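Working notes for the structure below.
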Amino acid sequence: MDETEFWELVDATREGAEGDPEEQADLLVDRLLQLDPEMVLDFARHFEARYNRAYTWDLWGAAWVLLDGASDDAFDFFRCWLIGQGREVYEGAVHQPDTLAELLDDFDEEVDGDGEELGYAADEAYEQLTGTVAPDLGIPPPASEPQGAPIDFENERVLEQRYPKLWNRFRD
């Protein structure tokens, strides 16, 4: 599976789920079950690489503004959700997190921002296909700390200055 096929699966399932992350995860498992196990592992490698790439202080700050706070777990689930939003939103957010204010049509913190189940879709599909747990993906392990300079998430003034578009749209 190449990168284009990866993003096509993400887009098709997001559209089919009409933006509901849990429904998207279910649809993704269904679609992955139509592939052979090695293709499912390829999908998992693409997903995991993007998940690890999004482990940055800047993106965590954007999640903090959007979610009105984001614990370690909440940020993990946010990164899964972000991948589920497709290539354009993902790449835009990774390069400049404040652009999420322009890239997101709507954002309901009760539904959006939590894609925990998306993070398990490939594992679930692989296990259903093979009856075994997915093997190690053979990609570099995630960093122990987010990339970039730490941000004081408790300082609203810092967040407002660093993410003016997000702050104006989602916190005012």
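Computed over heavy atoms, backbone and side chain alike; hydrogens, waters and symmetry mates excluded. Only a predicted model underlies this, so the values are computations on that prediction, with no experimental measurement involved.
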Side chain proximity check, [X] to [Y], heavy atoms < 4.5 angstrom:
X    : Y    : answer
E154 : L159 : no
D72  : W60  : yes
V65  : L100 : no
Y163 : I151 : yes

In one Ile/Leu/Val/Met/Phe/Trp/Tyr side-chain cluster, 4.5 Å: [X], [Y]:
X    : Y    : result
Y120 : V40  : no
L33  : L118 : yes
L35  : F47  : yes
V94  : L67  : yes
V10  : I139 : yes

Filter on salt bridge (Lys or Arg N to Asp or Glu O under 4.0 Å), then keep only pairs touching [range], sequence neighbours left out; what's left?
range            : value
residues 93-102  : E102-K165
residues 112-122 : none
residues 15-41   : E38-R45

Between [atom1] of [X] and [atom2] of [Y], what distance do you get to the nearest 0.5 Å?
X    : Y    : atom1 : atom2 : result
F43  : M1   : CZ    : CE    : 7.0 Å
E160 : N155 : CD    : CG    : 10.0 Å
L166 : L104 : CG    : CG    : 8.0 Å
R162 : F153 : CZ    : CZ    : 9.0 Å
E156 : W64  : CD    : CH2   : 10.5 Å
L9   : L32  : CG    : CG    : 6.0 Å

(message) Given 3.5 Å as the limit, does a donor-acceptor pair link the side chain of T99 with the main chain of G92, or not?
(response)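 Confirmed, T99 side chain pairs with G92 backbone.
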(message) Among residues at least two apart in sequence or on other chains, which ones pass side chain to side chain contact (heavy atoms under 4.5 Å, CB included) with Q161?
(response)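 Scan of Q161 (side chain to side chain contact (heavy atoms under 4.5 Å, CB included), adjacent residues dropped) gives R157.
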(request) List in chain and number order the residues that pass side chain to side chain contact (heavy atoms under 4.5 Å, CB included) with D2, two or more places apart in sequence or in another chain; answer none if no residue qualifies. (result)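 Per chain and number, D2 pairs via side chain to side chain contact (heavy atoms under 4.5 Å, CB included) with T4, E5.
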Going by atom type alone, with no hydrogens or angles, which donor-acceptor pairs under 3.5 Å involve a side-chain atom of residues 75-86 and a protein atom two or more places apart or on another chain?
{"unit_1": "D76", "atom_1": "OD1", "unit_2": "Y51", "atom_2": "OH", "d": "3.2"}
{"unit_1": "D76", "atom_1": "OD1", "unit_2": "R79", "atom_2": "NH2", "d": "2.6"}
{"unit_1": "R79", "atom_1": "NH1", "unit_2": "Y51", "atom_2": "O", "d": "2.9"}
{"unit_1": "R79", "atom_1": "NH2", "unit_2": "Y51", "atom_2": "OH", "d": "3.0"}
{"unit_1": "Q85", "atom_1": "NE2", "unit_2": "W81", "atom_2": "O", "d": "3.3"}

(message) Give me each pair satisfying ring-ring contact (aromatic ring centres under 6.0 Å, His included) with a member in residues 82-104, each pair once, sequence neighbours excluded.
(response)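 Output for this query lists W7-Y90.
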(request) State whether E3 and R50 are salt-bridged, where the test is any N-O pair (Lys NZ or Arg NE/NH1/NH2 against Asp/Glu carboxylate O) under 4.0 Å. (result)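 Salt bridge present between E3 and R50.
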(request) Output yes when D11 and R87 qualify as a salt bridge under the 4.0 Å nitrogen-oxygen rule, no when they do not. (result)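 Answer for the salt bridge query: no.
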Might you point out which heavy atoms bring [X] and [Y] nearest each other, and give the distance in Å?
X    : Y    : value
A93  : L103 : N-CD1, 4.1 Å
A54  : L59  : O-CD2, 3.4 Å
G115 : P21  : CA-CB, 4.4 Å

(request) Could you tell me which residues satisfy side chain to side chain donor-acceptor pair (under 3.5 Å) with D152, sequence neighbours excluded, listed by chain and number? (result)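 Partners of D152 under the side chain to side chain donor-acceptor pair (under 3.5 Å) test: none.
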(request) Provide the full list of side-chain hydrogen bond (donor to acceptor under 3.5 Å, both in side chains) pairs with a residue in residues 133-149, sequence neighbours left out, each pair given once. (result)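 For residues 133-149: none.
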(request) Only counting residues at least two apart or in another chain, list the ones meeting salt bridge (charged side-chain N to carboxylate O under 4.0 Å, His left out) with D68. (result)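 Here the qualifying residues are R171.
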(request) Under the salt bridge (charged side-chain N to carboxylate O under 4.0 Å, His left out) rule, collect the residues that match up with E8, sequence neighbours excluded. (result)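 E8: no salt bridge (charged side-chain N to carboxylate O under 4.0 Å, His left out) contacts found.
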(request) Could you tell me how the ring of F170 sits relative to the ring of F107: parallel (under 30°), tilted (30 to 60°) or perpendicular (over 60°)? (result)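 Geometry flag for F107 against F170: perpendicular rings.
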Give every donor-acceptor pair under 3.5 Å between a side-chain atom in residues 122-129 and any protein atom, sequence neighbours left out.
{"unit_1": "E124", "atom_1": "OE2", "unit_2": "Q128", "atom_2": "NE2", "d": "3.4"}

